[in-house]
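These notes concern the structure reproduced below.
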Amino acid sequence: TVPISVEKVQKLRSVIPNVRIVDEHLIRGGQPEPQGIRALKDAGVQTIVNLCGGSSLVSLFRRNAGASCEAPELAEERRLSQEVGMNFVT
């Protein structure tokens with residue numbers, strides 16, 4: 001696996017909220033918009049892991065507040081990820 005560069009992550013900041021490097025092979029960030037998914041692919045990202053199980057920040061805030069995390073429709077995010085050749089995991 002090719003390490004992701006700081007320059008690539010800086011380019012992602014306009015389409016991925018709170019994107020940061022965890023290590024040379026892992027980045028983390030907020031919920032990507034459709035153009036963000038394509039930008040992740042262009043940056044060399046191979047897999048998107050949705051930790052909330054929902055597709056909105058509302059779900060994340062609800063989970064952080066101790067409420068159950070609703071499972072909104074993830075089909076579009078999954079479809080876009082697969083369309084550009086990425087793995088999508090919930």
Side-chain angles (χ1 to χ4, degrees):
T1 310
V2 177
I4 191 159
S5 69
V6 172
E7 294 80 20
K8 288 180 181 180
V9 171
Q10 287 175 340
K11 290 180 183 178
L12 291 172
R13 289 193 174 137
S14 65
V15 292
I16 308 289
N18 299 317
V19 68
R20 300 287 185 271
I21 295 175
V22 176
D23 69 27
E24 65 182 10
H25 299 290
L26 180 65
I27 61 172
R28 61 112 179 128
Q31 189 71 36
E33 296 293 329
Q35 69 270 24
I37 292 173
R38 294 184 197 289
L40 287 166
K41 175 65 175 181
D42 292 343
V45 173
Q46 297 174 353
T47 302
I48 292 177
V49 178
N50 185 308
L51 297 176
C52 184
S55 63
S56 71
L57 288 175
V58 172
S59 296
L60 181 59
F61 292 135
R62 286 178 51 81
R63 173 181 260 173
N64 286 341
S68 65
C69 186
E70 296 178 6
E73 185 60 53
L74 294 174
E76 182 67 5
E77 187 176 357
R78 182 182 305 282
R79 183 190 69 75
L80 288 170
S81 300
Q82 292 172 344
E83 183 178 282
V84 298
M86 297 175 69
N87 300 309
F88 182 81
V89 181
T90 56

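These numbers were taken from a predicted model, which means no experiment stands behind them.
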key: Hphob cluster co-occupancy, Leu26 + Ile4, side-chain heavy atoms under 4.5 angstrom   = no
task = Check the pair Val84, Asp42 against side chain to side chain contact (heavy atoms under 4.5 Å, CB included), reporting the backbone distance first and the verdict last.
result = CA-CA 9 Å; Val84 298; Asp42 292 343; over 6 Å; no
key: Closest non-hydrogen atom pair, Ala43 against Leu12   = CB-CD1, 4.1 Å
key: Taking every non-hydrogen atom, the tightest pair across Pro34 and Leu80   = CB-CD1, 3.6 Å
Can you measure from [atom1] ([X]) to [atom2] ([Y]) and round to the nearest 0.5 angstrom?
| X | Y | atom1 | atom2 | answer |
| --- | --- | --- | --- | --- |
| Arg28 | Ile16 | CZ | CD1 | 12.0 Å |
| Arg78 | Thr90 | CZ | OG1 | 5.0 Å |
| Gln82 | Ile48 | CD | CD1 | 10.0 Å |
| Gln31 | Glu77 | CD | CD | 4.5 Å |
| Leu40 | Gln35 | CG | CD | 10.5 Å |

inquiry  = Please evaluate residues Met86 and Val45 with respect to the criterion side chain to side chain contact (heavy atoms under 4.5 Å, CB included), reporting the C-alpha separation (whole Å), side-chain torsions for both, the decisive distance (0.1 Å), and the verdict.
reply    = CA-CA 8 Å; Met86 297 175 69; Val45 173; 3.6 Å; yes
inquiry  = Counting only heavy atoms from other residues, nucleotides and ligands, does the tally under 6.0 Å from NZ of Lys11 exceed 12?
reply    = no
query = Between Glu83 and Arg38, is there a side-chain N and carboxylate O pair less than 4.0 Å apart?
reply = yes
task = Sequence neighbours left out, what pairs pass side chain to side chain donor-acceptor pair (under 3.5 Å) with at least one residue falling in residues 13-23?
result = none
request  = Start with the C-alpha gap between Gln10 and Val6, add the side-chain angles, then the distance that decides, and say whether side chain to side chain contact (heavy atoms under 4.5 Å, CB included) holds.
outcome  = CA-CA 6 Å; Gln10 287 175 340; Val6 172; 3.8 Å; yes
task = Give the intermediate values and the outcome of side chain to side chain contact (heavy atoms under 4.5 Å, CB included) for residues Phe88 and Asn50.
result = CA-CA 8 Å; Phe88 182 81; Asn50 185 308; 4.1 Å; yes
